[in-house]
Protein chains: 2
Amino acid sequence: MVDDEPKDGAVPVLDSTPPLRSVGFTISATGYAIARTFKEILAPLQLEPREFSLLRAVGAAEGQSQQTIGERLQIPSSRMVAFVDALEARGLLQRRQNPDDRRARALFLTEDGHELLERSFTAAAGHELNLTGELSPEERDQLLALLEKVGNRLGLAGGNSGRGHPALADE
Amino acid sequence: MVDDEPKDGAVPVLDSTPPLRSVGFTISATGYAIARTFKEILAPLQLEPREFSLLRAVGAAEGQSQQTIGERLQIPSSRMVAFVDALEARGLLQRRQNPDDRRARALFLTEDGHELLERSFTAAAGHELNLTGELSPEERDQLLALLEKVGNRLGLAGGNSGRGHPALADE
DNA sequence: TATTGTTATACTCTATAACTATA
DNA sequence: TATAGTTATAGAGTATAACAATA
């Protein structure tokens with residue numbers, strides 16, 4: 001990490017060697033601010049980011065089992081219960097019986113769930129548009145390409161395909 | 001956020017309108033991975049990222065009061081107690097009396113504290129070097145400049161000067 | 001009366017593992 | 001015997017507010 005603003009004489013350690021502004025720190029801090037802002041944007045919809053991720057995962061392929069979705073998002077089964085409970089209690093999704101396996105619960109969005117997911121996407125798109133407001137289309141592509149080079153060093157799949165935000169898995 | 005990999009027909013909402021890969025999601029996910037990796041890098045030193053931030057803040061200006069440092073890092077006073085307790089118990093920093101105000105505790109690093117902080121800086125620099133391994137110096141500057149443009153939209157100060165990582169403040 | 005730091009309490013979140021019903 | 005989902009329990013982390021010493 002290493003901070004960007006070296007303090008005077010108190011910490012003589014790395015103030016000369018490393019770059020003045022750290023890429024790691026900057027990405028991390030910016031990413032954190034983005035996540036916080038996104039949370040604020042979802043708040044009026046009464047949705048937490050992880051609930052949005054869950055709704056999105058269900059909506060992306062309805063009828064999958066609770067466990068399948070939990071595995072994709074890397075959420076342990078016991079945590080899934082509470083999450084699904086809350087969204088079901090609000091009438092946003094449903095657990096239905098799977099005729100092939102009566103142990104499994106097939107997840108579906110309700111009408112309200114689809115509607116709220118749609119509004120969330122709109123809000124997210126607005127957020128994205130705001131974030132990139134100072135970037136030309138070329139700069140935007142550049143930025144993504146450069147971030148991918150950093151991501152390569154972290155073992156991140158190019159598109160982060162399928163999986164949700166890594167913060168969901170925690171650790 | 002909007003994901004990067006639009007799902008087939010199930011979620012027809014924004015699959016056409018927005019860019020395929022979201023800047024917000026990518027920065028956030030990359031930043032999260034960076035923070036997680038940094039945590040792993042500090043682990044052998046038995047230091048958590050926030051403990052590193054605290055040590056660094058103390059080392060940057062020794063003798064400041066616990067409250068002053070807590071305010072800079074945006075850590076509430078009651079949390080500071082436990083953090084400082086832990087580091088003091090490990091002999092990394094000291095609370096000393098302030099002759100001018102006997103309520104306040106002036107914080108200083110011990111010899112061991114300085115040493116560990118130095119090793120942490122070295123580890124952090126190695127992390128940074130690894131992250132930027134695929135970037136030329138020009139690309140690195142480009143990336144920082146582009147991130148700053150995004151940060152402008154989030155009200156982030158250019159250098160994030162003084163303050164630590166925003167994750168410390170939480171919310 | 002206000003402020004620095006500490007302690008006590010309650011609350012939220014999570015992980016773990018036991019449990020049920022099906023397979 | 002194994003698996004999908006649920007429930008129970010205990011632990012960590014935090015915020016809030018009460019508190020003691022000093023200003």
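Letters go in sequence order (proteins before strands), and every chain restarts at 1. Worth knowing before you read on, the calculation uses all heavy atoms, side chains too, and leaves out hydrogens, waters and symmetry mates.
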Student: Salt bridge check: are A:Glu48 and A:Lys39 linked by an N-O gap of less than 4.0 Å?
Tutor: no
Student: If only side-chain N and O atoms of B:Arg79 are considered, is one of them under 4.0 Å from the OP1 or OP2 phosphate oxygen of C:dT6?
Tutor: no
Student: Would you kindly give the CD1-to-C1' distance between A:Ile75 and C:dA15, to the nearest whole Å?
Tutor: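 Going from A:Ile75 (CD1) to C:dA15 (C1'), I get 14 Å.
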Student: Do any N or O atoms from the side chain of B:Gln64 and from the backbone of B:Ala61 form a donor-acceptor pair under 3.5 angstrom?
Tutor: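 Checked: pair present.
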Student: Determine, for B:Arg95 against B:Glu88, whether the closest basic-nitrogen to carboxylate-oxygen distance falls under 4.0 angstrom.
Tutor: yes
Student: Given D:dG5, D:dA15, C:dT4, identify the nucleotide with an atom nearest to the side chain of B:Pro76.
Tutor: D:dA15
Student: Quickly work out the B:Glu71 CD to C:dG5 P distance and round it to whole Å.
Tutor: 9 Å
Student: Kindly indicate, with the supporting measurements, whether the criterion side chain to side chain donor-acceptor pair (under 3.5 Å) is fulfilled by A:Ser22 and B:Glu128.
Tutor: CA-CA 7 Å; A:Ser22 149; B:Glu128 172 77 6; 2.9 Å; yes
Student: B:Phe52 vs B:Phe38, test: ring-ring contact (aromatic ring centres under 6.0 Å, His included). Steps then yes/no.
Tutor: CA-CA 11 Å; B:Phe52 167 68; B:Phe38 185 56; 5.6 Å; yes
Student: Give the rounded distance in Å between these two atoms: CD of A:Gln67 and C1' of D:dT6.
Tutor: 13 Å
Student: Under 4.0 Å between any heavy atoms, over every strand shown, what does B:Ser65 touch: base, sugar-phosphate, or nothing? Just pick one.
Tutor: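 Sugar-phosphate contact only - B:Ser65 comes under 4.0 Å of backbone atoms but never of a base.
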Student: Rounded to whole angstrom units, what separation is found between the CE atom of B:Met80 and the P atom of D:dT14?
Tutor: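 Answer to the nearest Å: 13 Å.
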Student: Check the pair A:Ser136, A:Glu138 against side chain to side chain donor-acceptor pair (under 3.5 Å), reporting the backbone distance first and the verdict last.
Tutor: CA-CA 5 Å; A:Ser136 71; A:Glu138 295 73 27; 3.3 Å; yes
Student: A:Glu51 CD to C:dC13 P: how many Å, rounded?
Tutor: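 Value for this atom pair: 10 Å.
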Student: Round to the nearest Å and state the distance from B:Phe83 atom CZ to C:dT6 atom P.
Tutor: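 Going from B:Phe83 (CZ) to C:dT6 (P), I get 14 Å.
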Student: Ignoring the backbone of A:Arg50, work out which of C:dC13, D:dT6, D:dA15 is nearest its side chain.
Tutor: C:dC13
Student: Is B:Gln66 near enough to C:dG5 that one of its side-chain N or O atoms lies under 4.0 angstrom from OP1 or OP2?
Tutor: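 Checking B:Gln66 against C:dG5: no side-chain N or O falls below 4.0 Å of OP1 or OP2.
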Student: Do the side chain of A:Thr110 and the main chain of A:Leu92 share a donor and acceptor less than 3.5 angstrom apart?
Tutor: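 A pair under 3.5 Å: yes.
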Student: Hey, does the side-chain of A:Ser78 have a donor or acceptor N/O within less than 3.5 Å of a partner on the base of C:dT14?
Tutor: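 In this structure, the two groups form no donor-acceptor pair.
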Student: Does anything in residues 96-106 of chain A reach DNA chain D, meaning a heavy atom under 4.0 Å, and if so which residues?
Tutor: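 Per residue number, the list reads A:Arg103, A:Ala104, A:Arg105.
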